[in-house]
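Structure record follows, encoded as structure tokens.
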There are 2 protein chains.
Amino acid sequence: MARKPGSRAEITGPKLRETALRLFARDGYAAVSMRQIAAEVGVQAGALYLYTADKQSLLFDAMSDHMEALLAAWRAEAPKGDARDRLEHFARFHIRFHAARADAVFIAYMELRNLTPENFARIGALRSCYEAELESILRAGQDEGTLTVPDTKLATMALIAMLTGVNTWFREGGRLSRDRVEDIYVDMVLNAAGARV
Amino acid sequence: MARKPGSRAEITGPKLRETALRLFARDGYAAVSMRQIAAEVGVQAGALYLYTADKQSLLFDAMSDHMEALLAAWRAEAPKGDARDRLEHFARFHIRFHAARADAVFIAYMELRNLTPENFARIGALRSCYEAELESILRAGQDEGTLTVPDTKLATMALIAMLTGVNTWFREGGRLSRDRVEDIYVDMVLNAAGARV
DNA sequence: ATTTTCACTGAACGCCCGTTCAATTCAAGC
DNA sequence: GCTTGAATTGAACGGGCGTTCAGTGAAAAT
């Protein structure tokens, strides 16, 4: 993958981040060396440091960008209506968004351990924001009487775990289309949250 | 943690496996060196190879033992009755068993990547056996009419993800007792599986 | 045509890795 | 007290790690 002599490699920050994301997702942060990333980009290892402070930043930026994008995308959809509808909307959004970014999702869940304590706290804060979005729907549903959950905090964790779990087995082109998977999960989510039929 | 001069360290296979399990869970397989494990056991690195073939075996044995114990424990409980009761039993068993072995569970979910392909397939087979236990309950419930799930395969994945998610946040001595958490999750699981009220 | 700029190389730094094995140490059997 | 044999050490092997930086060479500016 060495670049042709006589031409610049023209590596860029974005390309480096994409490559690192892909390799981290495939082999794990600890198992991927800066030399491997560099080879994949078509450059020597030392050149990477023109585009990133260090290896840790590659991981943190990937996770941070993903979580920020997740929050921004959800807020942009800004669902209206009663809590039952908003919950359905959330479930469909979550499955759709996560299915489209399997690599980033995988990293965001598996590589938390490899963040420095400070970076870990930052990612944790972003995740809490996202969870708070779901919890506010459940609380609203409780108040309205459209949803009945035994404990909004636990229901939040339970539903997110259930929805995120889709990423461990869903593959485009499998037995069920993504739309069909959405429908099935919406059904289970609404039932779990005690939506009135 | 060096052993006292003049006395044998008396390390044993079980003690080594326990230490490796603890360190792998805390820091990750890739981040733990054989020298660290040896130091924790109170021995030089070379001595570990009297008790394990290699580092990979420490990981595989930990995961394999955990999955075998999980299957054996579930089969020993051998619940009778209708599918609704068996599903409740399964949910309580899953939460209880997993809460008691947080380290092993964490490894079994996070370190699959670090298994050789052959070992990965073996662990995958054990996991499939466990999932099949839940799926057979859901199918029975569907046949009996005591449960209503849109798709037994997806419901299996969804419920296991939901139940296993408990391990990411549950800590003994927190806001809710384990029994209370069990009750709440049973409620959500039964609702998600369309149990008749 | 010359100078300047700067992306990039390639070698080096110090360190840690999993694993092996000859040498040593020590408890037990005689 | 001596021999035996197993448990353990400690050094070594070959290799890879993240990161730094003086030097290089091609493009851009003059």
Side-chain angles (χ1 to χ4, degrees), chain A residues 1-21 23-24 26-63 107 111 113-119, chain B residues 1-17 19-24 26-63 107 111 113-119:
Chain A
M1 185 67 77
R3 70 191 179 83
K4 300 193 196 82
S7 78
R8 290 282 168 117
E10 288 163 16
I11 77 168
T12 57
K15 178 170 177 191
L16 167 57
R17 286 196 286 273
E18 279 168 33
T19 302
L21 181 81
L23 294 183
F24 288 163
R26 200 187 61 188
D27 301 326
Y29 176 77
V32 176
S33 71
M34 293 298 271
R35 285 169 177 85
Q36 280 171 50
I37 298 170
E40 203 78 12
V41 174
V43 106
Q44 293 297 316
L48 299 183
Y49 291 84
L50 294 167
Y51 301 98
T52 185
D54 48 27
K55 192 186 177 190
Q56 167 76 197
S57 297
L58 288 177
L59 178 61
F60 174 73
D61 289 348
M63 294 176 61
I107 289 173
E111 303 293 358
R113 227 210 306 249
N114 290 305
L115 292 172
T116 62
E118 187 182 322
N119 286 341
Chain B
M1 185 65 76
R3 70 188 179 82
K4 300 191 197 84
S7 78
R8 292 279 169 121
E10 288 163 15
I11 77 170
T12 57
K15 179 172 178 192
L16 166 57
R17 286 196 285 272
T19 302
L21 181 80
R22 200 181 69 245
L23 294 183
F24 287 163
R26 200 188 62 188
D27 300 328
Y29 176 78
V32 176
S33 70
M34 293 298 271
R35 284 169 178 84
Q36 280 171 52
I37 297 170
E40 204 77 13
V41 174
V43 106
Q44 293 297 316
L48 299 184
Y49 291 84
L50 295 167
Y51 302 98
T52 186
D54 48 28
K55 192 186 177 190
Q56 166 76 197
S57 297
L58 288 177
L59 178 61
F60 174 72
D61 289 348
M63 295 177 60
I107 289 174
E111 304 292 358
R113 228 211 305 250
N114 290 305
L115 292 172
T116 62
E118 187 183 321
N119 286 340

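First the proteins, then the strands, lettered A, B, ... as listed; each starts at 1. Here the structure is a predicted model, which is why all the values come from computation and not from measurement. All values below were derived from every heavy atom in this structure, side-chain atoms included, with hydrogens, water molecules and symmetry-related copies excluded.
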Residues passing the side chain to side chain contact (heavy atoms under 4.5 Å, CB included) test with A/Pro14, sequence neighbours excluded, are A/Thr12, A/Arg17
Ring pair (Phe, Tyr, Trp, His ring centres under 6.0 Å) pairs touching residues 30-50 of chain A, sequence neighbours excluded, are none
inquiry  = Can a donor-acceptor pair be found, under 3.5 Å and without considering hydrogens, that links the side chain of B/Lys55 to the backbone of B/Val32?
reply    = yes
Nucleotide N/O of nucleotides 22-24 of chain C paired with protein N/O under 3.5 Å:
none

_C/dC16, OP1 or OP2 - any side-chain N/O from B/Ser33 closer than 4.0 Å?_
no
CG of A/Leu16 to CG of A/Leu58, rounded to nearest 0.5 Å, is 5.0 Å
With the side chain defined as heavy atoms from C-beta on, B/Leu50 is closest, among D/dT8, C/dT9, C/dA7, to D/dT8
note: A/Asp27, atom CG; D/dG16, atom P; distance rounded to Å ~ 16 Å
Across all chains, not counting sequence neighbours, the salt bridge (charged side-chain N to carboxylate O under 4.0 Å, His left out) partners of B/Arg113 are A/Glu111
Readout for nucleotides 19-24 of chain D: B = base within 4.0 Å of protein heavy atom, S = sugar-phosphate only, - = neither; 5' to 3' it is BB----
**Prompt:** Taking the side chain from B/Thr19 and the backbone from B/Lys15, do they hold a donor-acceptor pair closer than 3.5 Å?
**Reply:** yes
Here the distance between atom P of D/dG18 and atom CG of A/Leu48, to the nearest Å, is 10 Å
Using atom types as modelled and distance alone, determine if a side-chain donor or acceptor of B/Glu40 lies under 3.5 Å from a backbone N or O of B/Ala20.
-> no
Hits for side chain to side chain contact (heavy atoms under 4.5 Å, CB included) against B/Arg26, two or more places apart or cross-chain, chain-then-number order -> B/Leu23
Rounded to whole Å, the CD-P distance (B/Gln44 to C/dT20) equals 17 Å
Does A/Gln36 put a side-chain nitrogen or oxygen below 4.0 Å from OP1 or OP2 of D/dG16? no
